[in-house]
Amino acid sequence: MAAMTPLLRRSGGNRPRDPGDRLVTLIGKPGCHLCDDARAVVAEVCAELGVPWEERDITSDQALHDEYWEQIPVVLVDGKQHDFWRVKRERLRAALGG
């Protein structure tokens, strides 16, 4: 039997990732009601799936402020922008493989 071409072979990148190897980052600022809502969603979903998360404040990081001030709250999954303004539980859960 002929060997399968590399294009058809499953790669290691297709395997589900361990939840502990993921990272969700919430970018926001104090006093932001949308950030409070997003924090509740991120905390709930990450706790449910065992995924670590962190929060970053645009008022203490000029680079984050310059990049995201019009979009907060912003959620990153593994360093890539996932959502902003309104964070949906189902969408975040799906992105994390849950």
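Values in this document were obtained by computation on a predicted structure and should not be read as measured data.
Transitive grouping of hydrophobic side chains (ILVMFWY, heavy atoms separated by less than 4.5 Å) brings Phe84 and Ile72 into a common cluster. Hydrophobic clustering (side-chain heavy atoms under 4.5 Å, transitive across Ile, Leu, Val, Met, Phe, Trp, Tyr) keeps Val42 apart from Trp85. A single hydrophobic cluster is not seen to contain both Ile27 and Val24; linkage of ILVMFWY side chains at heavy-atom distances under 4.5 Å, directly or through other members, places them apart. In the hydrophobic clustering of this structure, Val74 does not group with Leu26; members are Ile, Leu, Val, Met, Phe, Trp, Tyr whose side-chain heavy atoms approach within less than 4.5 Å, directly or through other members. Val77 and Val41 fall within a single hydrophobic cluster, where Ile, Leu, Val, Met, Phe, Trp and Tyr side chains are chained together by heavy-atom contacts under 4.5 Å.
The distance from atom CG of Leu92 to atom CD of Glu90, rounded to the nearest 0.5 Å, is 10.0 Å. For the atom pair Thr25 OG1 and Gln81 CD, the distance stands at 11.5 Å (nearest 0.5 Å). The line from CZ of Arg56 to CG of Leu64 is 4.5 Å long, rounded to the nearest 0.5 Å. Atom SG of residue Cys32 and atom CD1 of residue Ile58 lie 8.0 Å apart, to the nearest 0.5 angstrom. Atoms CZ and CG, from Arg39 and Leu34 in turn, are 11.5 Å apart once rounded to the nearest 0.5 Å. Going from atom CD of Glu44 over to atom CZ of Arg93 covers 6.5 Å, rounded to the nearest 0.5 Å.
The main-chain N or O of Cys46 is never found under 3.5 Å from a side-chain atom of Arg22 such that the two would form a donor-acceptor pair. Judged by distance alone, the side chain of Asp78 and the main-chain N or O of Leu23 form a donor-acceptor pair under 3.5 Å.
The shortest non-hydrogen separation linking Asp83 to Val87 is OD2-CA, 3.9 Å. In this structure, Gln62 and Asp66 approach most closely via the heavy-atom pair NE2-OD1, 2.7 Å.
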- For His82 and Arg91, run side-chain contact (heavy atoms from CB on, under 4.5 Å): C-alpha distance rounded to whole Å, both residues' side-chain angles, the deciding distance at 0.1 Å, then the answer. CA-CA 9 Å; His82 167 74; Arg91 182 171 147 72; 3.6 Å; yes

